[in-house]
Amino acid sequence: MMNKRSEFDVEINDTKGTPFIDNAKISARNVEVFYEKKQAIFNTSIDIGKNQIVAMIGPSGCGKSTFLRCLNRMNDTIQSCQIRGEIKLDNEDIYARQQDPVLLRARVGMVFQKPNPFSKSIYDNVAYGAKLHGLTSNQVELDDLVEKSLMRAGLFNEVKDDLHKPGTGLSGGQQQRLCIARTIAIDPEVILMDEPTSALDPIATAVIEELMIELSKKYTIVIVTHSMQQAARVSQRTAYFHMGHLIEVNDTNTVFTNPEHQLTENYITGRFG
Amino acid sequence: MQKSAMINNEIIRKRLAKRYAKERRFRLYGVASITISIAFLLTLLVNISLNGLPAFQQTYINLEVNLDEDILGVTSSSNDKEFLQGNYSKAIKSSLKTLFPNVKGRKNNKALKQLVSSSATYQIRDFVMDNPNMIGTTQSFWFLAKDDIDVFIKGGIDRSLPETDRRIKDLQLIWIDQLLFDQRLEKRFNFTFFTQSDSREPEQAGIKGAVVGSLLVMLVTMLLSFPIGVLAAVYLEEFAPQNNKWVDMIEININNLAAVPSIVFGLLGLAVFIGLFGVPRSVPLVGGLVLTLMTLPTIIITTRAALKAVPYSIREAALALGASRVQMAFHHVVPAAMPGILTGTIIGMAQALGETAPLLMIGMVAFVANVPQGIADPSTVLPVQIYLWSDSPERAFIERTYAAIMVLIGFLVMMNFIAVIMRRIFEKKF
């Protein structure tokens, strides 16, 4: 405990590195999140560039998942959660009064830590979002969309004969790719991934990582991960969170080779976390 | 180091024997308690079956009835009104008289006539009205035997008792023996029990009215309590603000309502539905309303438990795809909770099916001799019918009471069976 406090005493007034960039897809300014009285995120500002993969790393409970869930207003479902500050998606305040969270979530998709396919067929899992938003006008278009989405998620060849079997019957890695297919079927602009591979084995993880790099050509991706290797492999920029503070943001290379902040260095060299 | 490890092993081994003994004891207790429960259940079922099975048979008496114009007082050209006024009991009397010509005295003649049930006259009347051209001929009829004769044939009366202690007198015994000898008396399957409603005469009493009444009451209860209960539970679980004192209060009150004695719901129904809203008494509608009040807490509580058991990740998945809360609830959460919801509903319905007390309060305990045609016709229900028969003095009602219990248990088993099937159909892994 004493040890931890002494580490925390390192200066964390301002985020180090380069949190701000030009042409940001998402820009967050002075975001603070509270659960009842407890503050989970302190004064966090960061830009997320278009078609970039931004990785968020940090020890457990540092607030990286909480911050991620602010970006598509998933925290709205938690009643005790309060958010201050400003988050803009294409210069549009997502917490503005006129902003509809349902529309926002169609633009900012999310993939969760534990694969959570619906207890429906593989086909219906992928078609659900499109049906919900009325994105296709007939069955042929829908079939097409399902095939295309599964294809892009790299799952189609494995399941093309079993489209009407339950999605819950797939392996963990396949389920997670099904969830990604389901997310990209509604063609969002941003995909948030909350530790998408933490429940998967290394081979399934590698498949998903390749998929992320492929998807980043079209989408902006924000990924929360516990694995520094994963952050190093897939992301262009990395943000390091520590106890609710955004400590440092920089190019992934810079963060891992030449961290500015003592805490970042301690974390990536494995001194804690 | 080596030595202390050996000592430790010794300590563990010593305790191990005790631990296993404890486990064996616990298993023994478990098997014993299950055996006791099964024994009780079997005793109950065997007792009910032994007592109730005779009711599925009924003694019939065969008589040759002379459908003479002079005896009946009707001709083949009579109109309906004249037919209804015909003297059919005279025909039966004369038919019995031919079989037993030596019976003398008013009292004995009356006893002779009471070998057959009073329904015999209606049987002849209906036959004559359907076949007027048969008037003047002699026809063979099988009539229901009077309840005491039926009980005697099934062995319910001991003929070795002195005459004063017997419901069947010596003279009747002679007649019965004669009829048996002539093969004019036999036991047949008791269709009457399933096709007739309640009657003061045990041999004419059936459960059709009560069964139909029960089905109508269940229909009303089901149609009201299932949607109201499930919607209330979905609202409370998925939409109502959490940690709100009003919601907490509603929740506590629902839990309390589930424990309220059912007769209180009957009083409430009497005061509100009948007193305030003027719903007629004794009808399945008001019975269904009262049982809905009683069933709602059960359905709400079980539905909420089923909804709570649905993983939160399913909700998140739906919301993250841009589903609204209503879509999230009805596309994903409710279907996933459906097995639990249905089980709860059927448990609630089974409770309602077996309920007597609240229905006594709203007049469903009345004697109803007709099969109800709709939810606004006076009717009774199975458990109340059982209660009514169990209270009747006639000996023959005892077996009918047990038989009605068998039918009620049959319904309950059927409902539980449906619950199991529904679970199978809706159960999906996730």
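Each chain gets a letter, A, B and so on, in the order its sequence line appears, and its residues count up from 1. Just so you know, these numbers use all the heavy atoms, side chains as well, and skip hydrogens, waters and symmetry mates.
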CD1 of B/I341 to CZ of B/R423, rounded to nearest 0.5 Å, is 11.0 Å
Counting only heavy atoms not in B/F417, do more than 12 sit closer than 6.0 Å to its CZ atom?
no
Under a 4.5 Å heavy-atom criterion, the part of residues 76-89 of chain A in contact with chain B comprises A/T77, A/Q79
When the 4.5 angstrom heavy-atom criterion is applied to A/R182 and chain B, the contacting part is both
Notebook entry, point to check: Does A/D194 come within less than 4.0 Å of A/R69, counting only side-chain N to carboxylate O?
Noted result: no
Exactly one of A/V33, A/V222, A/I46 clears side-chain contact (heavy atoms from CB on, under 4.5 Å) with A/F67, and that residue is A/I46
Bottom line for B/R315: the part with an atom under 4.5 Å from chain A's heavy atoms is neither
Any salt bridge between B/R27 and B/E23, counting N to O under 4.0 Å? yes
Highest number of heavy-atom pairs under 4.5 Å with chain B among A/M110, A/M74, A/R107 belongs to A/M74
By residue number, those in residues 225-241 of chain B with heavy atoms under 4.5 Å from heavy atoms of chain A are B/A240, B/P241
- Item | Exercise: do B/S324 and B/Q327 side chains pair donor with acceptor under 3.5 Å | yes
Exercise for review: For the pair A/R177 and A/E158, find out whether any cationic side-chain nitrogen is under 4.0 Å from an anionic carboxylate oxygen.
Suggested key: yes
Heavy-atom closest pair (B/P383 atom, B/L408 atom, distance to 0.1 Å) is CD-CD1, 4.3 Å
Working note: A/Q230 + A/T225, criterion side-chain hydrogen bond (donor to acceptor under 3.5 Å, both in side chains); need CA distance, chi angles, decisive distance, verdict. CA-CA 7 Å; A/Q230 184 168 61; A/T225 178; 2.7 Å; yes
Do other residues, nucleotides or ligands put more than 12 heavy atoms under 6.0 Å from A/K165 NZ? no
**Q.** Mutual orientation of the aromatic rings belonging to A/Y123 and A/H164 [parallel < 30°, tilted 30-60°, perpendicular > 60°]
**A.** parallel
Using the rule given for side-chain hydrogen bond (donor to acceptor under 3.5 Å, both in side chains), can you reason through A/T197 versus A/Q176, listing the C-alpha separation, both sets of side-chain angles and the distance that settles it, and then say yes or no?
CA-CA 8 Å; A/T197 60; A/Q176 196 62 298; over 6 Å; no
Among residues 289-303 of chain B, residues within the sub-4.5 Å heavy-atom range of chain A, in order of number, are none
Nearest heavy-atom contact between B/V310 and B/V333 is CG2-O, 3.8 Å
The complete set of salt bridge (charged side-chain N to carboxylate O under 4.0 Å, His left out) pairs with one or both residues in residues 240-254 of chain B, sequence neighbours excluded, reads B/E251-B/R304
